[in-house]
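A quick write-up on the structure given underneath.
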Amino acid sequence: MSTTVSTSALPAAAEAPRYDFRSAEPRWQAEWERRGCFHVADVPADGRPKYYVLEMFPYPSGKIHMGHVRNYTLGDVVARYKRARGFSVLHPMGWDAFGLPAENAARERRSHPAKWTWDNIAAMRGELKRMGLSLDWAREFATCDPAYYGHQQKLFLDMLAAGLVERRESWVNWDPVDGTVLANEQVIDGRGWRSGALVEKKQLSQWFLKITQFAPDLLAALDGLDRWPERVRVMQANWIGRSEGARLRFDLATPTDGIDAIEVYTTRPDTLFGMSFLAIAPEHPLAAGVAARDAGAAAFIAACRSMGTSEAVLETQEKRGWDTGLRVRHPFLPDATYPVWIANFVLMEYGTGAIFGCPGHDQRDLDFSRKYGLSVVPVVLPPGEDEAGFSIADKAYDGPGVMINSGFLDGLAAPEAAKAAAIAGLARLGVGEGVVNWRLRDWGVSRQRYWGCPIPVIHCESCGVVPVPAADLPVVLPDDVTFDRPGNPLDHHPTWKHVACPACGQPARRETDTFDTFVDSSWYFARYCSPHAAEPVTLAAAAHWMPVDQYIGGIEHAILHLLYSRFFTRALKATGHLALDEPFAGLFTQGMVTHESYRGEDGSWLYPEEVEVRADGTAVHRQTGAAVTVGRVEAMSKSRRNTVDPGAIIDRFGADTARWFILSDNPPDRDMEWTESGAAGAYRFTQRLFRLAEAVTALPGAGEVPDTFCPEARGLRRATHRAIAAVTEALESFAFNVAVARIYELANAIGDAERAPDTADLRWARQEAVEMAARLVAPMLPHLAEEILARLRPGGALATDLPWPEANAALAAADTVKIAVQVMGKLRGTVEVTPGAAEATVLAAAEAEPNVARALEGRRVVKRIYVANRIVNFVLAGPA
RNA sequence: GCGGGUGUGGCGAAAUGGUAACCGCAGGAGACUCAAAAUCUCCCGAGCUCCGGCUCUUGUCGGUUCGAAUCCGACCACCCGCACCA
């Protein structure tokens with residue numbers, strides 16, 4: 001016989017639970033709203049210290065998912081806890097509302113992106129409100145509202161005036177069928193993800209925000225972000241990618257097409273004497289000239305261009321090249337010349353788009369040289385090798401050593417000393433210099449889309465690019481657009497783009513590109529400080545609330561969103577809109593929510609609610625009874641159908657249960673597995689806590705604090721005050737699962753006290769314990785906490801408004817402590833003594849413990865270790 | 001390849017130099033019940049046991065220490081990020 005642990009084991013609606021969350025949760029949500037509990041002013045005058053809690057705002061897809069529930073639960077616990085600790089807490093919510101899904105929906109369902117988006121927002125707002133989050137809803141905004149994006153246009157124009165914006169040509173992935181630019185991740189196997197058309201590399205004029213201008217500071221300031229996860233800082237540092245090297249010029253033996261030299265960037269100028277070729281990127285200007293004369297070169301370049309940019313292709317791609325026939329002179333060896341190749345592994349976007357090849361000490365260069373029979377000269381001798389016997393086989397050596405075969409560098413230590421000498425040598429000759437290079441590139445923000453913030457400029461034939469005058473902002477998206485043909489609807493609109501030039505009044509053309517949606521999310525945290533202000537950011541409000549004290553979201557935003565926001569904050573400072581550099585003082589990255597996946601006999605994915613999982617781990621289809629294969633536990637995804645709908649969970653168990661299970665399961669930075677049994681267990685606890693509380697509230701009041709307490713009452717008070725201390729510590733350190741465990745212990749202690757004889761002092765202690773339990777769970781189970789406190793103290797303060805309880809250390813202290821007694825590090829017994837007992841007393845008791853005494857018998861004790869209130873260890877002489 | 005992380009009962013985990021496994025989930029036994037659900041009680045790392053205890057156990061091997069899940073070194077496995085970055 002197998003029992004089920006599936007949804008059928010859940011309480012039927014017919015049996016009324018004693019704690020009726022269905023009536024309590026909406027009732028308390030309405031009460032909080034009525035009292036304005038979570039509302040704060042833009043610039044508060046109440047003198048309380050501020051705390052800004054922010055969770056990454058959601059994209060309005062139409063439904064919240066478990067990842068949202070986890071994210072907003074974590075943030076809400078922090079917000080409610082900090083509020084109880086006396087902070088004035090800013091905890092806002094809004095919508096990251098621009099983006100492609102709205103346009104796709106428009107194409108597929110003939111629904112307008114605006115309507116689709118606002119409908120989704122309304123639906124998701126309702127779902128979020130059911131979670132009982134302590135949000136200041138008066139601050140809500142959506143980035144697709146001109147009231148928001150108009151300010152964004154102003155910020156852009158100010159950045160433009162400050163020289164932080166540039167218009168320039170750049171290579172993009174172009175989908176010729178959809179008539180739009182694709183992001184790298186939208187190119188799959190060289191084809192557009194939606195049209196399936198072969199993607200072309202095309203040069204387009206695009207707007208760039210000059211994030212590279214801040215690269216040094218964005219890197220250096222990472223050190224100060226001590227409340228950020230180490231791995232996020234490492235990821236950002238890698239992304240910014242600082243490297244030290246040299247830029248140097250190689251003169252062409254014969255100038256060609258008016259070009260007489262090639263500039264190269266290298267991090268290893270010390271290996272210059274090991275050079276055997278020079279390679280340029282297929283997009284390098286010199287390559288175009290070569291291709292014009294050499295059909296083979298032209299064909300090679302064309303092949304590289306169609307190769308695609310996907311990682312999989314790059315990874316497996318063989319190193320290939322084309323000899324241009326040109327030769328360059330070596331800066332240090334005027335008589336030596338080297339061939340110039342076009343190579344598929346040289347990137348135009350990094351460094352100068354040209355490298356010198358040193359096959360002895362770079363694996364790529366070695367692979368290339370072996371393929372085309374180029375020379376390999378070792379110039380760094382590894383420690384312990386002798387010069388005569390050392391040669392390079394199929395493994396380049398990139399470690400430290402001593403310079404050989406390198407003229408004036410011979411004998412120097414590689415890489416550092418030799419690098420410095422080589423750079424000095426290049427500088428002396430006037431052909432190169434030491435430089436710092438960055439991997440970070442400027443941020444291209446132009447998108448050929450409708451559903452985004454219009455870029456507020458006008459193109460005039462005579463005046464060039466003219467900013468839209470501030471008085472004409474916002475530049476509002478037209479409503480009457482069609483999606484019946486490919487390309488950007490803004491560009492197709494009959495009238496929208498035709499305007500008079502603000503400078504000369506002649507007919508001109510509006511910019512029809514819109515911003516990358518990452519722009520929208522790069523300053524929303526600042527707008528929350530004064531969401532209704534006439535200016536984008538109010539300095540006084542931002543000065544009060546910024547930075548965000550605790551930011552919470554997914555690790556998937558570790559680089560782009562967080563880096564862009566850090567850049568934007570600096571850019572806003574440079575344009576006078578903000579007065580700080582770092583937007584997020586503390587960052588927490590949560591793990592994903594996962595679930596088992598299920599497949600039917602025909603291999604199709606099944607939703608969890610279609611499946612009945614038996615206790616032995618096998619599963620069947622609920623309707624058909626057919627066998628179901630239980631698959632891996634994976635991140636919830638629609639395609640695998642291993643999703644659980646938060647709305648359904650809240651219907652069945654209530655918001656508190658969903659919150660409690662999410663918090664209790666494991667540490668919040670790890671992936672958690674959503675299970676039906678775990679959710680049911682959390683539900684049982686909410687009922688149990690309510691029942692324990694009700695048993696106490698049903699008793700007559702216990703009155704004044706008793707003078708003395710019986711041992712049971714003392715024990716309960718000890719459990720209560722220990723729980724206060726432990727839960728406080730756990731919440732401070734984001735160890736919510738530990739906080740939950742300590743609350744279970746307190747509940748167990750309350751349950752034990754129920755079975756002890758009912759004395760007045762125990763009754764008092766039980767009331768104290770129940771009250772404290774309610775206040776300790778309030779950040780996690782806010783509705784249940786209110787319900788319990790309202791019964792315990794009718795007409796009293798809301799749990800939401802009570803200060804955080806203080807533990808009484810004297811009450812938490814134990815009457816006796818159990819001390820472990822070890823002999824040679826092995827546990828042989830325990831002794832119970834009063835806390836702080838004299839060392840001699842404890843040692844005597846330890847030696848007298850029968851099992852310890854037996855272990856000590858006939859042996860000489862050479863050392864007695866005593867750690868107060870913890871442990872005794874006897875060290876014996878000689879062998880056993 | 002480089003960088004970061006993780007590894008503890010059947011499962012999620014706790015303990016960050018001092019009695020390994022708190023708390024929960026799953027499981028087992030019992031109470032209540034005509035019965036079930038709910039609830040409550042007890043058991044629950046492995047092996048041995050003369051029932052006093054003993055031995056083993058935190059990925060593996062070594063080291064430091066009176067004492068190591070915890071600190072150090074080497075290795076193994078898995079996860080994540082980055083990458084022809086010159």
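Order of the sequence lines sets the chain letters (A, B, ...), proteins ahead of strands, with each chain counted from 1.
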Need one value for [X]: base, sugar-phosphate or nothing, where a base atom within 4.0 Å counts as base even if backbone is also close, heavy atoms only.
| X | answer |
| --- | --- |
| A:Tyr744 | sugar-phosphate |
| A:Arg364 | base |
| A:Arg441 | base |
| A:Asp367 | nothing |
| A:Asn437 | nothing |
| A:Arg688 | sugar-phosphate |
| A:Pro850 | nothing |
| A:Ser664 | nothing |
| A:Val862 | nothing |

Interatomic distance where [atom1] belongs to [X] and [atom2] belongs to [N] [whole Å]:
| X | N | atom1 | atom2 | answer |
| --- | --- | --- | --- | --- |
| A:Leu560 | B:rC82 | CG | P | 9 Å |
| A:Met235 | B:rA83 | CE | P | 10 Å |
| A:Asn238 | B:rC80 | CG | C1' | 13 Å |

Could you pull out all residues at least two apart from [X] that satisfy salt bridge (charged side-chain N to carboxylate O under 4.0 Å, His left out)?
| X | answer |
| --- | --- |
| A:Glu263 | A:Arg247 |
| A:Arg70 | none |
| A:Lys371 | A:Glu318 |

Using a 3.5 Å cut-off on both pairing distances, which stems of three or more Watson-Crick or G-U pairs include RNA chain B?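 Stems for RNA chain B, defined as runs of 3 or more consecutive pairs: B:1-7 with B:76-82, B:10-12 with B:23-25, B:27-31 with B:39-43, B:45-48 with B:53-56, B:59-63 with B:71-75.
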Any donor-acceptor N/O pair under 3.5 Å between B:rC84 base and A:Lys319 side chain: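 Looking at the base of B:rC84, it does pair with a donor or acceptor on the side chain of A:Lys319 (distance under 3.5 Å).
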Under 6.0 Å between the ring centres of A:Trp341 and A:Tyr372?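 Yes, ring centres under 6.0 Å apart.
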Looking only at the side chains, is there a donor atom on one of A:Gln590 and A:Arg670 sitting less than 3.5 Å from an acceptor on the other?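 A:Arg670 and A:Gln590 do not have a side-chain donor-acceptor pair below 3.5 Å.
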Set of side-chain contact (heavy atoms from CB on, under 4.5 Å) partners for A:Asn437, sequence neighbours left out: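 Only A:Ser243, A:Tyr265, A:Tyr350 meet the side-chain contact (heavy atoms from CB on, under 4.5 Å) criterion with A:Asn437.
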How would you summarise protein contacts on nucleotides 15-22 of chain B per nucleotide, using B for base, S for sugar-phosphate only and - for none, with heavy-atom distances below 4.0 Å? ---BB--B
